[in-house]
Amino acid sequence: MKKIALLGATGSIGTSTVDVVTAYPDLFQIVSLTFHSNSEKGAALIELLKPSYVGVGSEKIKTELHNRFPEIEFGVGEEGMVRAATLEEVDVVLTAVSGSVGLKPTMAAIEVRKDIALANKETLVMAGYWVMEAARKNNVSILPVDSEHSAIFQCLEGQQKGNLKELVITASGGSFRDLTREELKSVTLEQALNHPNWSMGKKITIDSATMMNKGLEVIEAHWLFGTDYDKIKVVLHKESIVHSMIVLKDGAYLAQLGPSDMREPIQYALTYPTRLPIQNEKPFDLSQIGQLNFEPMDFDRFPMLALAFLVGKKGGAYPTVYNAANEIAANAFIDGKISYLQIEEFVKKAVWNYTETNDVTLEEVIAIDKQTRTIVERWIKEEGLL
Ligand code: NDP
Ligand code: MG
């Protein structure tokens with residue numbers, strides 16, 4: 001029986017994880033979970049899963065739910081997430097919160113030797129060096145949940161490190177892949193949230209449209225697989241069938257294919273190296289799909305992807321700034337405070353505004369993340385929707 005802490009249980013990945021776990025009640029048990037504000041869904045999950053510990057976003061929700069479930073221990077905010085992730089009985093922490101709030105609980109879990117099934121890519125972008133270093137020191141596995149990274153992880157299995165030539169990450173292109181930059185000026189939130197292939201949380205759906213998501217994934221791949229940025233390629237692949245590929249020294253391509261169903265990478269992160277059937281599997285027949293298309297990425301059309309390689313190569317806290325500025329800007333667009341193209345403007349401005357080049361400590365990275373958020377929030381107040 002694998003005992004799981006599920007951070008971000010009410011979200012899109014959280015929901016798919018609950019599907020995987022409840023399909024195999026003899027194999028998995030969710031012993032702790034967290035959510036932020038969706039107490040209705042949170043309460044339903046508590047009834048279904050009967051965890052021993054629950055982390056919530058506010059004292060108000062804690063009091064409300066504690067009255068309803070007196071036998072369960074509750075915690076609030078970051079402290080609640082840390083406690084959920086570090087409970088003695090937990091074997092693996094599935095981090096499915098949105099944004100870099102995942103950093104503290106992930107680090108705390110690694111320090112007490114819990115394996116990590118990582119969906120929360122922002123954590124790795126913000127502080128990849130320190131997360132991977134802590135995992136190495138504590139002999140902890142970081143198993144990818146992001147579909148592209150799960151695909152690469154699967155392709156790399158059994159390969160000698162020296163065999164690898166490059167990683168090829170596929171990108172669906174998001175909601176606006178067929179629009180010109182001119183047409184992007186007037187797009188709405190509703191249009192942006194309409195992703196062609198995947199149903200996901202709001203922030204990552206916006207990130208997919210701006211191609212920020214692919215940028216975050218490039219940096220995520222750099223840290224997860226220890227691959228140099230010039231060996232990471234991105235191709236446009238509209239069907240989202242090939243989840244990603246690797247190229248070996250002799251020119252052989254290995255790819256992982258499957259339906260757009262996050263239960264697959266989630267389950268593999270939890271059962272690795274064993275494979276199990278997926279319940280009510282989506283129909284998948286390549287002869288029905290007929291053709292798969294691949295196109296080069298247009299870095300002028302998607303400047304956030306070009307910027308990811310730049311901040312990644314600069315290193316230090318540059319990726320931290322890139323991620324923090326985007327978290328604020330993407331959420332400001334969701335809240336109607338800025339226009340779609342202003343997301344890119346604020347991310348670029350934050351990166352150009354940052355000049356530190358020396359090595360930074362984890363404490364400094366956390367401070368730079370906070371500082372970037374404050375600056376971008378101020379810019380949004382001053383310049384939003386101008
Ligand atoms: P959702 O927005 O659907 O869910 C986010 C979860 O985090 C919810 O449980 C939410 O609680 C909780 N949460 C939100 N804000 C906070 C906060 N400030 N403190 C603590 N918890 C918080 O996101 P997704 O499931 O789509 O994505 C989760 C992560 O997985 C992201 O990092 C994303 O990039 C990554 N990912 C997602 C994929 C997908 O298919 N969705 C694919 C690959 C990666 P509440 O509901 O109560 O607000
Ligand atoms: Mg992905």
Side-chain angles (χ1 to χ4, degrees), residues 5-19 30 33-46 54-58 60-62 65 75-82 84-85 94-106 116-126 144-153 169-174 193 195 197-208 210-221 224 234 237 240 242-244 256 259-266 269 323 326-328 330-331 334 373:
L6 177 55
L7 311 185
T10 48
S12 162
I13 293 287
T15 304
S16 297
T17 304
V18 170
D19 285 349
I30 292 181
L33 61 85
T34 76
F35 61 93
H36 191 57
S37 54
N38 188 347
S39 52
E40 204 180 308
K41 188 155 184 189
L45 287 174
I46 294 171
V54 174
V56 299
S58 68
K60 186 171 167 276
I61 297 179
K62 176 182 164 179
L65 290 179
V76 178
E78 194 170 87
E79 213 182 297
M81 287 192 282
V82 167
L94 199 142
T95 61
V97 293
S98 173
S100 55
V101 287
L103 178 66
K104 286 261 170 73
T106 305
I116 308 291
L118 183 109
N120 175 228
K121 63 192 86 179
E122 294 93 339
T123 283
L124 216 49
V125 173
M126 176 187 173
V145 167
D146 211 347
S147 57
E148 294 77 2
H149 305 75
S150 176
I152 292 169
F153 178 70
I169 300 179
T170 52
S172 71
L193 288 177
H195 193 284
N197 306 349
W198 298 93
S199 153
M200 309 181 285
K202 279 186 187 169
K203 189 217 168 227
I204 185 177
T205 307
I206 301 305
D207 288 350
S208 299
T210 56
M211 207 50 74
M212 188 74 198
N213 182 49
K214 216 44 61 178
L216 298 173
E217 288 183 356
V218 165
I219 300 170
E220 182 186 10
L224 278 176
V234 181
H237 167 52
S240 297
V242 173
H243 295 311
S244 279
Q256 189 261 336
S260 313
D261 183 346
M262 284 309 295
R263 291 178 305 163
E264 292 200 357
I266 291 168
N323 175 66
N326 177 61
E327 280 191 33
I328 297 297
N331 286 317
I334 292 169
R373 288 164 192 272

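Index from 1, following the sequence. All ligand and atom numbering here is 1-based and tracks the order in the structure. Values in this document were obtained by computation on a predicted structure and should not be read as measured data.
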Any Glu122 heavy atom less than 4.0 Å from ligand 1: yes

Residue, atom name and distance, where the atom is the protein heavy atom closest to atom 34 (O) of ligand 1: Lys121 CE, 3.2 Å

Protein residue, atom and distance nearest to atom 33 (C) of ligand 1, heavy-atom basis: Ile204 CD1, 3.9 Å

To which protein heavy atom is atom 48 (O) of ligand 1 closest, and what is the distance rounded to 0.1 Å? Ser37 OG, 3.4 Å

Pick out which of Ile30, Thr15, Leu33 makes a side chain to side chain contact (heavy atoms under 4.5 Å, CB included) with Leu45. Leu33

Nearest non-hydrogen protein atom, atom 29 (C) of ligand 1: Val97 O, 3.3 Å

Among all protein heavy atoms, pick out the one at the shortest distance from atom 45 (P) of ligand 1; state its residue, atom name and that distance to 0.1 Å. Thr10 OG1, 3.3 Å

Is the contact between Ser147 and ligand 1 made by the side chain, the backbone, both, or neither, using heavy atoms and a 4.0 Å cut-off? neither

Report the part of Ala119 (side chain from C-beta onward, or backbone N, CA, C, O) that has a heavy atom under 4.0 Å from ligand 1; answer both or neither where that applies. both

Ligand 1 contacted by Gly57 (non-hydrogen, < 4.0 Å): no

Run the side chain to side chain donor-acceptor pair (under 3.5 Å) test against Lys60 and tell me which residues pass, sequence neighbours left out. none

Could you check whether any heavy atom of Met81 sits closer than 4.0 Å to an atom of ligand 1, since that is the contact criterion I want to use? yes

